[in-house]
Amino acid sequence: MPMIKITLNGQAREIAGGSSVAELLALSGADRQQVAVVVNEQIVRPEERKARILEENDQVDVLVFAGGG
Amino acid sequence: MPMIKITLNGQAREIAGGSSVAELLALSGADRQQVAVVVNEQIVRPEERKARILEENDQVDVLVFAGGG
Amino acid sequence: MPMIKITLNGQAREIAGGSSVAELLALSGADRQQVAVVVNEQIVRPEERKARILEENDQVDVLVFAGGG
Amino acid sequence: MPMIKITLNGQAREIAGGSSVAELLALSGADRQQVAVVVNEQIVRPEERKARILEENDQVDVLVFAGGG
Amino acid sequence: MDPLQLGTYSFSSRLLLGTGKFGSARAMLDAVRSSGTQLVTVALRRFNREQAEDDLFGPLSEIGGITLMPNTSGAATAKEAVRAAHISRELSGSPFIKVEIHPNPHHLMPDPIETYEACRILASEGFLVMPYIPADPVLAKRLEDVGCTSVMPLGSAIGSGQGLSTAAMVSIIIRESGIPVIVDAGLRSPSEACAAMEMGCEAVLVNSAVAVARDPAAMAAAFARAVEAGRQARTAGIMPKSGTAVATSPLTSFLGSAT
Amino acid sequence: MDPLQLGTYSFSSRLLLGTGKFGSARAMLDAVRSSGTQLVTVALRRFNREQAEDDLFGPLSEIGGITLMPNTSGAATAKEAVRAAHISRELSGSPFIKVEIHPNPHHLMPDPIETYEACRILASEGFLVMPYIPADPVLAKRLEDVGCTSVMPLGSAIGSGQGLSTAAMVSIIIRESGIPVIVDAGLRSPSEACAAMEMGCEAVLVNSAVAVARDPAAMAAAFARAVEAGRQARTAGIMPKSGTAVATSPLTSFLGSAT
Amino acid sequence: MDPLQLGTYSFSSRLLLGTGKFGSARAMLDAVRSSGTQLVTVALRRFNREQAEDDLFGPLSEIGGITLMPNTSGAATAKEAVRAAHISRELSGSPFIKVEIHPNPHHLMPDPIETYEACRILASEGFLVMPYIPADPVLAKRLEDVGCTSVMPLGSAIGSGQGLSTAAMVSIIIRESGIPVIVDAGLRSPSEACAAMEMGCEAVLVNSAVAVARDPAAMAAAFARAVEAGRQARTAGIMPKSGTAVATSPLTSFLGSAT
Amino acid sequence: MDPLQLGTYSFSSRLLLGTGKFGSARAMLDAVRSSGTQLVTVALRRFNREQAEDDLFGPLSEIGGITLMPNTSGAATAKEAVRAAHISRELSGSPFIKVEIHPNPHHLMPDPIETYEACRILASEGFLVMPYIPADPVLAKRLEDVGCTSVMPLGSAIGSGQGLSTAAMVSIIIRESGIPVIVDAGLRSPSEACAAMEMGCEAVLVNSAVAVARDPAAMAAAFARAVEAGRQARTAGIMPKSGTAVATSPLTSFLGSAT
C-alpha cells in the first residue's frame, strides 16, 4: 500500500496510507500513556482514534503534560 | 418672541427662541475667555457660534480648563 | 514593744521592733509565693529571713516576676 | 663623621650622625611640601626641625595628607 | 485552617505548586508530596518517546488528592490560549485552567489585553479560569466581572526570585476583589509567601523557589508551613505599626532607688 | 529541626517569647503553651498584694519545660543592670539574663556603653548573658569577646511593629558572629520572624506582636510555624535572586503552528 | 542638560506639573513659574461664572513657554476619553493629550483595556498621546506599538504620596521601551523624583506633592533641582552596589607602630 | 539656603566630600570644584617621594574656600585615633577631626566603645569632633553629651553603595539630636542623599559614589543639586502619605452625560 506524507509534532513523516490515528500512536510509542491528539487543529478523542484515518498532509500533534509553573 | 427650553451644563434653562450660541455665551458671562462649546455632542467652533441658532431641547456644554493632574 | 519605721517597696511603713523579714512578708501577704527580698541592697535568702531582724530605716524591697519582654 | 641608624617611615635607614630633622627632610625630598614629622611619637614642629638632632634608633614618621573618605 | 474555595472545589492546602524546572520527575514528585499541595500546575508539551519521563500525568495521578491546573504557557494570543485550554481539558479532565499569555521571553510578563479576551471566552465556556496577570487593580476587577474564579497577580518576574515587588498594588487588588487573590510568580522564600498571606491573599503559587532549592522537598514543606503561618496570622489579627516605642516591661525605678 | 544551643542548654523551639502587655495572665499562659516556646522572658516588679496575678513565677513553672530568662528592664546603668541580674537569678534559679539597658523611655533603644560593661561583668560571674543591643556589628563582636552567650540586635523600636528595619546590619552581625544571633524587638508578624530565620538568625524573640494580637494563642502558634519554616528554608538552600525572568514552562510554539 | 523629546516637541525641563489641588490659582501659577516646567496638565470642567478663577487658560498662557497637556479625567470609557480629547484640543490648540481613564474613585487606577482602545484611536488621529497606565510592561509596549508618544506608569495611587512603589515594573518598562517613560502619580518628595530619573525615566509628572506642600513654589523648585540631579547622575554613571565594604582611606598601620 | 553651622563655622554647602578612591588627583580636584563643597576629608599617609601626587594639601589649598577635615582612618583604638588627630591638626591647622575607628577591614564598621572614648578626649581638647558611628540613637546622644560637634551615622558599609539602609534608626537619631546629624558612608546616588536631607539630616558626606562614577565631576554636581533639593523640600513641607488615592482632577461626569 502506498505511503502518505503527514506532519507529526512539526516533523515531516511518512506512514502507510490508510493508517488510523491509533496506529500512528502505537508506531510512535505514544499508546502507553494519556495523550491528547490534535489533527488539523481538531481534537481527536480516544474513542475516535481507531476510526480516524489519516490523510496526505494531515498536521498531527500528540501532546502530554510536562512540568510547568 | 417665545422662550425655548435648553439644557446648559446639565441645568434646565430657558432662553429666547432664535438665540445663537454666541448670545447664550454672552448671557452666561462666558464670552470673556476661551471656552469650548458642545451642542448635542457636536463641538461648535468660535467662528460658528454666531450662526448657530439654538433649538428646543438642545444639550449645551460650555467648558473651560480647570486645575488637573 | 515600740514600733520602728522602715521603707517597704518605696513606701514608709511602721512595724513592731524586732520583727523579722519573714514576719514582714507574712504581714504583707507575700509569703505564699516565691519572692526576692532585698534589704539595704543586700539580698536576703529564704533561709535567712527568719533570722534577719529589721531595724529602723531599713530599706526593704520585695520583688516578684511580672510580665516583661 | 660616623653614620647612625634610624627608622624612617618604618624602614631602617642610615644617616650622618648629627643630622637634624630638617636635613633628613631635605635628603628625603620632603622639604618642598607641608609634612608632619613625628619622632618617637613626639610631634616636631617646623620651627623645631633645624634644631632637633637625630639620634641612634630614633623612630621618624613623615606624614602627608592623601585621599581619604 | 479554613479551606480555600475555588469555584465548587474546596482545598485544605493554600499552597499551589508548579512542576517546572525540577532536576528530575522524582524530585518534583517528592516536593509535591511534602508540600501537601492539592492543586498543581502542568504544561502541554509535544510527546517525545525519548523523554517519556516528561509525561507527568501518570505519576501525579498516583499521588492522589491532586487536582491538575494546566497552564497555557507558549500561547502569545487569546486564540492560542483558548486552543491550549481546550486541549488541556481534554487531557486533564480538570475544569481548572491557568491562563498565561506572555509574548516576551525576556520578562515573561502577561499581556493584559489578550489575557482579558481569553478569560472572557473560557469563563463563558465553563472553565474555572485562573489568570496570571500584572498587578493591575482594574484589570483584576474586570476579570472578576467576566467570571474568573481567581486572579493571580505576579509578585515579580517569573523565576526571578525578586519577591513581592508589587505588594502595594496587590493589596489594592485584595481590598477590591470579590474572588480569591493568589500571588503567582517571583516568590523566593517562605517569608515572602507568609507575607502574601498576611496581606490577605487566599493562596500562593510557587514553583522556582522550590524547584531550584538545594533540597526541594524540604523547601516545599517550609513553604507549606509559612503559608499556614501567614493565614493563621491574618485571622489572629496582626498588630498595627506604631511610630514610637511601646514598653513591654515595667520601667520601675526601684533599681535606681539607692544610687 | 536542629536544636538551638545556648551555653549548655539545648532547645527544640527557636521562638523566645516575652510575657509583657498581655490582656491577662491567662491569655499570656495560653500563648506560651501554644507557641511551644521553651525560653521565656520575665521582668522584676515590686510585690503588690492587690495585684497577686502579677506574679508569673508559679503559673509559668506549672507549664513545665519552660526556662526563665529574666530581663534587667528599668536599669539605666551597668551597675543597676548587674544588681537586677543578681536579684533575678536569686528568684529564677536560671543562669539566663537578658541585659536590657535603655535610658530613654521615648524609644527604649539600648545603651551600648552601659550594656557592654554590664555584660562583661555578668559573663565573668557565670551568667548566660543575652544582651538586647543596637544592630551594631562591632559591638556584637566585642560582646562575643567578653563571653556573651548570644547577641540580640533589635529589628526596630520595642513595641513599634516596624519589623526588621535593621536587616542590613543584622546580616553583617550574623556573618561575623561566632555565637547565636537572635532578633529581638520590633517584629510585627510571622513573615518577619520567618525572614529573620532565613537570614541566618538562630532564633527570634517576640512579645508585643503576640500579646496585642486579637487572638494571642493563635498568633503565637503562627509565629512558631513561621520560625520553623524560616529555619527549614535556611537549611534547604534558598534560591538566588535573578535580574531576569527564567521560564518555568516550556515555551513550545506548537500553538502558533497554524496561525 | 539634554532636552526631553516628545514627538516633534523638545523641552529643556524634565519636570511635568499638574495644576490640581492648589490652594489658589495664584499659588499654582507661582509653582509653575518656579518649577521651570514647560508641559502642564489641565482638566476640562464646566464653565461656572461664580468660579471664574477656575479658568486657567488665560493665566497659564501669560507665563509663556508653557505647553498644555489636557487630561481626560472623568472619562470612564475609551469613547468618553476620545470625546474629552477632541474638546480639549479645540480649547488648548495643543496636540498633547494625557489619557486618563480610571473608573474607580476609591483608587483612581487606570483601566488598561479602555486606555489601550482610546490611545489607539487618538494616536491614529494625530494626537501626541501620553497615557497614564498601570506599571505593566506588556501594556506599555503595546501602547508604543499603536503610536503613543510616551507611557506614564503610575508610581502609586494618585495623591497617595506612597512613592515609586512600582519601581521593579517601571524598570522593566524602561528597559524594553522605545519611547520616553514618565512616572506619573504617587511621588511624594524630590528624592523619589530623583530616583525615578536615575532609573532611566525621561521625565516625571508631579502634582499633589507640590500642590499640598506648605510652600508650593519652593517645593516646585526642589523637584526641579532633584529631577536635574537624577538625570545628571544617570548620565554620569552611577556606581554599582557591592556586597561588601570597600575602603576609601588608606588603612596604614603607622599609628599602631609603637603600641 | 540656610547655612550649615558646625561649631563656630558656617558653610553654605551641605555636601561634604571625601577624597579617596579617585582615579587621579586631577579627577578629585575637579569633583571638589564642581561639587561646591567647603568641607573635605583627607587621610594621613606616610610620605613617599615616588608618589608626590599623594600629597593633597597643596592642591586643595589652591582651590580656596575649602576647610579640611582629616580623618583617623587606620586607628583601631581610641589611643591611636587621638594620636592621629594630634598629628592631623598639626598638618591641617583645622579644628575639625573625623573620628573613624573601624577595626574590621571586612566591613569597616565603627567601634562604638573606642569611638566614644576618643571623642570624649578630643572634644575636651577643643577639637570639632565629627565621629563616624553606627546608627545607634543612644550612642549618638552620649556623643552629643561629651561635646561632639556632629554625629555621622553610617547609611551602609563604606563603599558598598547600599544606600540609607539604616533610615529607621537615623530618623530616631535626628528626632532626638541637639547637634547636626550627617549621614556618612554607603550613599550610592543623589536620590539617596536627597532622601537623607528630606529626613532631616543637616548634611551628607559622600566619597565613593563620586569617586568611582564614570564622570566624577558631573556626579559631584548632581549630588550638590540633590542635597539642595532635599534641604529645600524639608523646609517647604513634604506632604504626608495617605493610605488612599486623592483625586487631583475634577471627576465631573459631563462626558458620560449623553452615553
Side-chain angles (χ1 to χ4, degrees), chain B, chain G residues 16-25 27-29 32 40-61 68-74 79 83-84 86-94 98 100 108 132 158-159 184-185 205-211:
Chain B
M1 202 177 175
M3 302 299 276
I4 59 169
K5 286 195 176 54
I6 64 166
T7 304
L8 175 60
N9 285 349
Q11 315 267 318
R13 157 151 192 178
E14 293 207 331
I15 58 164
S19 303
S20 70
V21 164
E23 287 163 332
L24 175 63
L25 293 180
L27 284 168
S28 312
D31 53 349
R32 278 181 311 287
Q33 57 250 292
Q34 209 124 348
V35 298
V37 178
V38 183
V39 178
N40 306 333
E41 297 192 38
Q42 301 304 316
I43 294 173
V44 182
R45 294 237 153 67
E47 60 272 21
E48 308 162 349
R49 293 174 188 168
K50 276 205 171 53
R52 173 60 181 270
I53 304 306
L54 292 164
E55 293 164 12
E56 186 81 12
N57 301 324
D58 275 349
Q59 297 268 354
V60 184
D61 278 305
V62 179
L63 303 158
V64 295
F65 281 137
Chain G
L16 283 57
L17 200 64
T19 56
K21 282 168 79 173
F22 281 85
S24 68
M28 182 277 286
L29 294 166
V32 167
V40 162
T41 56
V42 289
L44 283 177
R45 175 181 279 167
R46 281 170 164 166
F47 170 75
N48 176 342
R49 83 190 307 169
E50 272 66 51
Q51 301 175 312
E53 138 157 337
D54 263 7
D55 181 12
L56 302 182
F57 186 86
L60 284 171
S61 316
L68 294 183
M69 176 165 70
N71 69 33
T72 64
S73 178
K79 186 183 169 203
R83 193 184 310 144
H86 291 162
I87 300 170
S88 293
R89 181 165 54 182
E90 169 69 16
L91 191 49
S92 68
S94 162
K98 176 181 173 183
E100 181 176 347
L108 302 172
Y132 163 64
I158 292 175
D184 177 12
L205 196 166
V206 177
N207 186 341
S208 299
V210 169

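Every chain is numbered from 1 and lettered A, B, ... according to where its sequence line falls, protein lines coming before strand lines. The figures that follow rest on heavy atoms only: side chains count, while hydrogens, waters and symmetry mates do not.
No donor-acceptor pair closer than 3.5 Å links the side chain of B/N9 to the backbone N or O of G/N48. A donor-acceptor contact shorter than 3.5 Å is absent between the side chain of B/D61 and the backbone of G/R46.
When every heavy atom of B/Q34 is checked against every heavy atom of G/D55, the shortest pair comes out as O-OD2, 4.2 Å. When all heavy atoms of B/A66 and G/R45 are compared, the closest pair comes out as CB-CB, 3.8 Å. Annotation for B/L27 and G/R49: closest pair O-NH1, 3.1 Å, computed over non-hydrogen atoms. Residues B/G68 and G/A43 share a closest heavy-atom pair of CA-CB, 3.9 Å.
There is no contact between G/K21 and chain B, counting heavy-atom distances below 4.5 Å. If you measure heavy-atom distances from B/V38 to chain G, the contacts under 4.5 Å come from the side chain alone. Using a 4.5 Å cut-off between heavy atoms, G/S208 does not touch chain B at all. Heavy atoms of G/S61 lying under 4.5 Å from chain B are absent altogether. For G/L68, the part lying near chain B is the side chain, with the backbone staying farther off; criterion is any non-hydrogen pair under 4.5 Å.
With chain B as partner, the option from G/L91, G/T41, G/V42 having the largest number of non-hydrogen pairs under 4.5 angstrom is G/L91.
The local environment of CD in B/E47 is crowded, with over 12 non-hydrogen atoms from other residues, nucleotides or ligands closer than 6.0 Å.
Looking at heavy atoms from C-beta onward, G/L44 lies in side-chain contact with B/F65 at the 4.5 angstrom threshold.
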